[in-house]
Number of protein chains: 2
Amino acid sequence: METAVADRKDTLDVEDLAELCRALGHPARVRILEFLKKMDKCICGTIVDSLPLAQSTVSQHLKQLKSAGLVKGEIEGPRTCYCLDRERLDQFKQYVANL
Amino acid sequence: METAVADRKDTLDVEDLAELCRALGHPARVRILEFLKKMDKCICGTIVDSLPLAQSTVSQHLKQLKSAGLVKGEIEGPRTCYCLDRERLDQFKQYVANL
DNA sequence: ATCGTATATCGACGATTAACGATGAATAAC
DNA sequence: GTTATTCATCGTTAATCGTCGATATACGAT
């Protein structure tokens, strides 16, 4: 019984950890995460300016981070303000620490 | 000067972290890592038996983990014995803890 | 020698990724 | 109203990924 429950729990963690890792498996996305860690809140345009990539590419990367739950975007007029989801980052840290 | 040095250090860590994340960005590879964490040493065949994947696929996954430095393989006759590179895993943990 | 076991590699295939420029929708300024 | 700014989305392209079966190589047993 306990084993069965533990196995299910492991299954969810594995998939979730893999998803988070996939999200951070590109240097640009790591940089974005670090940037947001420092800046707390930041509009898309500033992130675009900080990377040697096209705006559309950065937007795609942000989309990936958002999909993984690591960042949140809040629309302000024509701008989008992104911030880190610190709880989600902590979750990632927890997973990795438990490896 | 210090900024320049710090920037270079960040650049290396970002790439390295991304590489490690990419390696663990697939559930099968996370499972292999966990398996090796528990078993300490394990032959390829046993790992193959523990996953619902073809032997060739598992071999490819192991190759990815090896390339990222997370596992080491030691040939013993017709068999290969894999083990976790614990220092490398600790490095990963360190990177993530510092995010 | 032959046969069996183990596994890395190859090639094929479909799916996914990362890059870009173009564009449309939403907002702001005039 | 027009014009400008912002950014998500689209489509294209080439590269990479994940999976498989087949196979060659290395070793072990007979």
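Each chain gets a letter, A, B and so on, in the order its sequence line appears, and its residues count up from 1.
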Note, B:Leu51 side chain near B:Thr57 side chain (heavy atom, < 4.5 Å):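 Side-chain contact under 4.5 Å: no.
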
Given [options], identify the nucleotide with an atom nearest to the side chain of [X].
| X | options | answer |
| --- | --- | --- |
| B:Ile43 | D:dC7, C:dT7, D:dT6 | C:dT7 |
| A:Thr80 | D:dC7, D:dG18, C:dT7 | D:dC7 |
| B:Cys44 | C:dA8, D:dT6, D:dA26 | C:dA8 |

To the nearest Å, give me how far apart [atom1] ([X]) and [atom2] ([N]) are.
| X | N | atom1 | atom2 | value |
| --- | --- | --- | --- | --- |
| A:Ile75 | D:dT5 | CD1 | C1' | 15 Å |
| B:Glu76 | C:dA6 | CD | C1' | 12 Å |
| B:Asp49 | C:dT7 | CG | C1' | 13 Å |
| B:Leu53 | D:dC17 | CG | P | 17 Å |
| A:Leu62 | D:dT6 | CG | P | 16 Å |
| B:Lys63 | D:dT16 | NZ | P | 14 Å |
| B:His61 | D:dC17 | NE2 | C1' | 9 Å |
| A:Tyr82 | D:dT6 | OH | P | 15 Å |

B:Arg79 side chain to B:Gly45 backbone, donor-acceptor under 3.5 Å: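 Such a contact is absent between B:Arg79 side chain and B:Gly45 backbone.
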
Minimum heavy-atom distance A:Leu70-A:Ala23, with the two atoms named: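 Taking every non-hydrogen atom into account, CD1-CB, 4.2 Å.
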
Closest contact, heavy atoms only, A:Val48 versus A:Gln55: CG1-CA, 3.9 Å

N/O donor-acceptor pair, side chain A:Gln60 with base D:dA8, under 3.5 angstrom: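 No.
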
Side-chain donor/acceptor of B:Ser56 to base of D:dG21, under 3.5 Å: yes

Contact nearer the 5' end of DNA chain C, comparing B:Gly45 with A:Gln55: B:Gly45

Closest-nucleotide ordering on DNA chain C, the 5'-leading residue of B:Ser59 and A:Gly25: B:Ser59

Parallel, tilted or perpendicular: ring planes of B:Phe92 versus A:Phe92, cut at 30 and 60 degrees: perpendicular

Sugar-phosphate only, base, or nothing, as touched by A:Arg29 at under 4.0 Å among non-hydrogen atoms: sugar-phosphate

Phosphate OP1/OP2 of D:dG18: any B:Thr57 side-chain N/O under 4.0 Å: no

Nearest-nucleotide 5' precedence on DNA chain D, A:Arg22 against A:Val58: A:Val58

